[in-house]
Each structure stands twice: as structure tokens, then as C-alpha cells.
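The structure under discussion appears below in the form of C-alpha cells.
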Amino acid sequence: IFVVFFASCASYPKKNGFVAVVSNERSPLNPYFSSASKDYVYKAKISAFGKFYGGIFIVKKTGADQHRIVFTTEMGNTLFDFEFKGEDFKINRIVPEMDKKILINLLKRDFLALIQQNPLTLDFYSNANLTMTGAEILSKEHFYIFREGTLQKIARTGNGKEKVTFLFSRINDNLANEIHIVHHNIKLEITLKAF
């Protein structure tokens with residue numbers, strides 16, 4: 001029983017076969033959404049608490065540590081319009097059916113993890129062919145997992161388990177053409193596919 005209990009309390013890196021390493025690497029953890037000269041436009045599907053929203057998801061870097069995120073219907077009606085400046089968050093607009101405190105807080109946390117380039121870095125890890133950096137965003141532990149220097153995944157964890165997974169695929173020139181965000185303990189899933 002003690003062995004099972006001890007194994008279940010192990011840290012996320014240890015559970016996934018990573019060991020701590022020393023690193024002086026200080027490059028941005030997340031290169032996606034880093035160009036101020038580009039609009040990042042995705043076809044989006046958001047499934048939240050039994051409701052489905054589809055449309056166009058746009059991210060624009062507006063300053064050194066600032067982004068604006070807008071989600072519209074395909075007809076151009078705004079579902080939400082958020083601004084981030086560092087960890088500060090502002091709602092410019094949101095439709096009443098999405099204006100629920102729990103949903104807003106989840107979207108805020110998810111989108112900040114999605115766009116933040118340089119969160120507070122904690123530790124570095126490695127295994128056979130992957131590297132991982134631990135970081136903190138809004139007081140929550142996140143792990144950035146890289147394959148050959150390319151960010152493949154972000155995992156928000158709690159008690160050594162993944163709570164939210166951000167998967168990046170079809171990566172080309174610091175652009176993740178497909179992004180999938182999955183919450184493991186609630187019904188919230190976001191799928192983005194670049195135009």
C-alpha cells in the first residue's frame with residue numbers, strides 16, 4: 001500500500017520518466033503567437049459544459065507582453081473579445097450565454113498559457129528524446145514539453161496529474177497550425193485549425 005501511495009504522489013516529471021537537469025537556456029518557452037506583425041487566424045470549435053460554439057479565433061500581439069484574442073461567428077458576430085497585458089486580463093465584450101464566471105476564469109487561464117512566451121521558469125527536465133521546463137502561470141504549475149527544440153505540449157498539473165493538456169501539431173516556422181486544448185476534469189475542449 002505504501003509503494004502505491006508513494007507512486008501516486010510522485011511529481012509529474014517523475015511519473016513521466018523525466019529527470020531533473022541543470023540548464024542555462026533562457027529562450028522563450030512558447031514561440032507561438034509571438035509576432036506583432038502577424039494576425040493568427042484559426043477556425044475554432046469550443047465545447048463547454050454541453051454547449052458548442054464554432055467560429056473564427058483571432059490572436060494579435062499588440063505589445064511586448066500584450067495580446068488581444070477575439071472569437072467571432074463565421075458571420076462576424078463577436079462571441080468574446082479579451083485583452084491580456086502580462087497576467088492582467090480585460091474583457092472588452094462577451095455574449096451573455098458565455099458570460100459565466102467559471103467559464104471566463106477557465107478561458108482566461110487557458111488563453112494566458114497559450115500566448116505567454118516567458119512565464120516564470122522553475123525547473124528543467126530531460127528524458128531520452130524530450131526536454132521539459134516547469135513554469136508557473138497564475139499560481140498554477142505548467143510543464144512545457146519539447147521535441148528537438150520544438151514545443152509540442154503544455155500540461156497544467158495538480159497533484160502530479162495533468163489537469164489540462166495543450167497539444168501543438170503541424171508546426172511550421174513558429175506557427176502551430178493545429179492546437180487542441182483538453183480539460184481532463186471538466187467538460188471543456190478547444191480545437192483550433194489555422195486558415
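Taking both residues in full, the closest heavy atoms of P119 and Q116 are given as CB-OE1, 3.7 Å, listed atom of the first, atom of the second, then distance. Looking at every heavy atom in both residues, T62 comes nearest to H67 through OG1-N, 3.9 Å. Among all heavy-atom pairs drawn from L151 and Y32, the shortest one is O-OH, 2.6 Å. In this structure, A135 and L29 approach most closely via the heavy-atom pair CB-CD1, 4.1 Å. Between R147 and N129, the shortest heavy-atom distance links the atoms NH1-ND2, 3.2 Å. V21 and S126 get closest at one heavy-atom pair: CG1-CB, 3.9 Å.
Distance NE2/H142 to CD1/I137: 4.5 Å, rounded to 0.5 Å. With rounding to the nearest 0.5 angstrom, the CZ atom of R68 is 11.5 Å from the CZ atom of F82. Here the NZ atom belonging to K100 is positioned 9.0 Å from the CD1 atom belonging to I94, to the nearest 0.5 angstrom. Atom CD of E189 and atom OG of S47 lie 6.5 Å apart (nearest 0.5 Å). Once rounded to the nearest 0.5 Å, the distance linking CG of N92 with CG of D81 reads 4.0 Å. Between atom CZ of residue F18 and atom OG1 of residue T131 there is a gap of 7.5 Å, rounded to the nearest 0.5 Å.
I91 and L103 fall within the same hydrophobic cluster, where Ile, Leu, Val, Met, Phe, Trp and Tyr residues are linked whenever their side-chain heavy atoms come under 4.5 Å apart, directly or through other members. Under a hydrophobic-cluster definition in which Ile, Leu, Val, Met, Phe, Trp and Tyr are linked whenever side-chain heavy atoms come within less than 4.5 Å, directly or via other members, L167 and I154 are assigned to different clusters. By the criterion of side-chain heavy atoms lying less than 4.5 angstrom apart, applied directly or through intervening Ile, Leu, Val, Met, Phe, Trp or Tyr residues, Y53 is not grouped with V182; the two fall into different hydrophobic clusters. One hydrophobic cluster, built from ILVMFWY side chains closer than 4.5 Å, cannot hold both L114 and I56; they sit in different ones. Taking hydrophobic clusters as Ile, Leu, Val, Met, Phe, Trp and Tyr residues chained together by side-chain heavy-atom distances below 4.5 Å, M98 does not share a cluster with I58.
Remark: of the listed residues F84, F71, F166, F57, F57 is the sole one forming a ring-ring contact (aromatic ring centres under 6.0 Å, His included) with F111. For the side-chain contact (heavy atoms from CB on, under 4.5 Å) with F33, the qualifying choice from N174, I69, I115 is I115, the only one to do so. A side-chain contact (heavy atoms from CB on, under 4.5 Å) with V164 is found for exactly one of H183, R109, K140, H184, namely H183.
Side chains of I171 and Q152 form a contact here, defined as non-hydrogen atoms less than 4.5 Å apart. Residues K101 and N105 form a side-chain contact, since some pair of their non-hydrogen atoms from C-beta on lies under 4.5 Å apart. Using a 4.5 Å heavy-atom threshold, the side chains of K43 and E74 count as touching. Between L107 and I190, the closest side-chain pair of non-hydrogen atoms falls below 4.5 Å. Contact check for T133 versus F146: side-chain heavy atoms found under the 4.5 Å cut-off. Within the 4.5 Å cutoff, side-chain heavy atoms of F89 are placed close to those of I104. A 4.5 Å side-chain heavy-atom check between M132 and N16 finds every atom pair outside the cut-off.
In K163, the NZ atom is crowded: over 12 heavy atoms of neighbouring residues, nucleotides or ligands sit closer than 6.0 Å. The local environment of CD1 in I102 is sparse, with at most 12 non-hydrogen atoms from other residues, nucleotides or ligands closer than 6.0 Å. Counted within 6.0 Å of NZ on K45, heavy atoms from surrounding residues, nucleotides or ligands total 12 or fewer; the atom is thus considered open.
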For this session: Report the C-alpha separation of V70 and R93 in whole Å, then their side-chain angles, then the decisive distance to 0.1 Å, and conclude whether the side chain to side chain contact (heavy atoms under 4.5 Å, CB included) test is met.
Result: CA-CA 9 Å; V70 178; R93 184 173 178 169; over 6 Å; no
Problem set entry | Verdict with supporting geometry, I46 and L188, side chain to side chain contact (heavy atoms under 4.5 Å, CB included) | CA-CA 7 Å; I46 299 178; L188 178 58; 4.2 Å; yes
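Aromatic pair Y40/Y42: ring centres not closer than 6.0 Å.
Not counting sequence neighbours, the partners of E141 by the side chain to side chain contact (heavy atoms under 4.5 Å, CB included) test are F143, T157.
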